[in-house]
Asks: 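Sharing a structure here in structure tokens format.
The sequence lines fix the lettering, A, B, ..., with proteins before strands; numbering per chain opens at 1.
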There are 2 protein chains.
Amino acid sequence: MPLSLDNRLADRTRWKAERCSITLVLEVLSTKASFMVLRESFYGTSKFDDFVMRTGASAPTVSRSLRHLESAGVLARTPYRDEGSRPRDEYRLTAAGEDLLPVVFSLVQWGDAHLQGGAPPLAFVHRDSGEPVRVGVSAGEVFNLTSRDIEVRWSGPRLP
Amino acid sequence: MPLSLDNRLADRTRWKAERCSITLVLEVLSTKASFMVLRESFYGTSKFDDFVMRTGASAPTVSRSLRHLESAGVLARTPYRDEGSRPRDEYRLTAAGEDLLPVVFSLVQWGDAHLQGGAPPLAFVHRDSGEPVRVGVSAGEVFNLTSRDIEVRWSGPRLP
DNA sequence: CCGTATCCTGATAGATACTG
DNA sequence: CAGTATCTATCAGGATACGG
């Protein structure tokens, strides 16, 4: 069932190609690698090699994605230093990046529902109540959870 | 702020590359054209040439995307016939496709908030109450809307 | 270990031309 | 008008090699 869209809009050809937010967002996020890196950022990954290992992408691809997301203001690169090691960079979500949680979560949710055979490997629950957490559409002020309120649990049969 | 992820998971390298839903979903949706076509489906577009005009993509690209989304179970192709014309095909969201509303909407919402200069061109409101509609994350049984409950309004200064 | 430059291959989009 | 096949250009991704 489609959204109820003003007929005048539907008739105006190509307006969306230039103005629609999706077009703009896809300039930032359309590559698979960028989505993977973003997903890992939400899972807490912040170091270069961890991104490489956990996304399964090559190092150059990760490097490009990190720079691209950084220049888009989704990730921020900050120097850090472990005891006794030389300084490194770490990559953390910015506030704007945090706001992408519904995007990542809704992708996961849809895949869990329609692509995974059987139980999804990860479960997202509210940290305080333990209730399952969902992403969805609603009117009014009902959405107050951020990624820090959410805990991810392994719900599969075993770790691979 | 990252999600709270079980350490055992974070240590298991590459498990997500094969199992994570995002990887699977991106096989279906990762191309820009697929996102565009999907977006138009939610806006009510169902005819081939309308997809071409409104996405701004070329006909072969639209053709490929339609077939790809169809084979993924997101769109269904059904024959129809206008009065006095030969039969055609139309492309409609399946139930699984409908479930992608949070994905599309959250992308639009993020772009509106972070990429559009000033007011976003489209406003999504609850059809009954007129309240603005948002996509977000919450726990428990929150009132969830489907695309048929939502009305899209042009809120820009003028139609292009 | 951290990260990038280079080069090469494969995926993706557009132009063109064609069929019903 | 409603699509699709073919061909080509472009872009994302991996292999390799290299510097910090």
Asks: With a 4.0 Å limit, can you tell me whether Tyr91(B) has a side-chain N or O closer than that to the phosphate oxygens OP1/OP2 of dG3(D)?
Replies: yes

Asks: Would you kindly give the CZ-to-P distance between Phe51(B) and dA2(D), to the nearest whole Å?
Replies: 12 Å

Asks: Rounded off to whole Å, could you give me the CZ-to-P distance for the Arg88(A) and dC1(C) pair?
Replies: 9 Å

Asks: For a quick check, with a 4.0 angstrom heavy-atom cut-off, what is the B/S/- contact string for nucleotides 5-15 of chain C, read 5' to 3'?
Replies: B------SBBB

Asks: Report all interatomic pairs (protein N or O, nucleotide N or O of nucleotides 18-20 of chain D) with separations under 3.5 Å.
Replies:
| residue | atom | partner | partner atom | Å |
| --- | --- | --- | --- | --- |
| dG20(D) | N2 | Arg86(A) | NH2 | 2.8 |

Asks: Give the ring-plane orientation class for Tyr91(A) versus Phe48(A), where under 30° counts as parallel, over 60° as perpendicular and anything between as tilted.
Replies: tilted

Asks: Starting at CD of Glu70(B) and ending at C1' of dA2(D), how long is that distance when rounded to a whole Å?
Replies: 15 Å

Asks: Just the rounded figure in Å: distance from P of dT4(D) to CZ of Phe48(B).
Replies: 7 Å

Asks: Within this structure, what is the CG-to-P distance between Asp89(B) and dG20(C), rounded to whole angstrom?
Replies: 16 Å

Asks: I want to check one thing: is the phosphate of dG3(D), taken as OP1 and OP2, less than 4.0 Å away from some side-chain N or O of Ser63(B)?
Replies: no

Asks: If a pair means Watson-Crick or G-U wobble with both distances below 3.5 Å, what does DNA chain D look like in dot-bracket form, with | marking bases paired to a different strand?
Replies: ||||||||||||||||||.|

Asks: Starting at CZ of Arg77(B) and ending at P of dG3(D), how long is that distance when rounded to a whole Å?
Replies: 7 Å

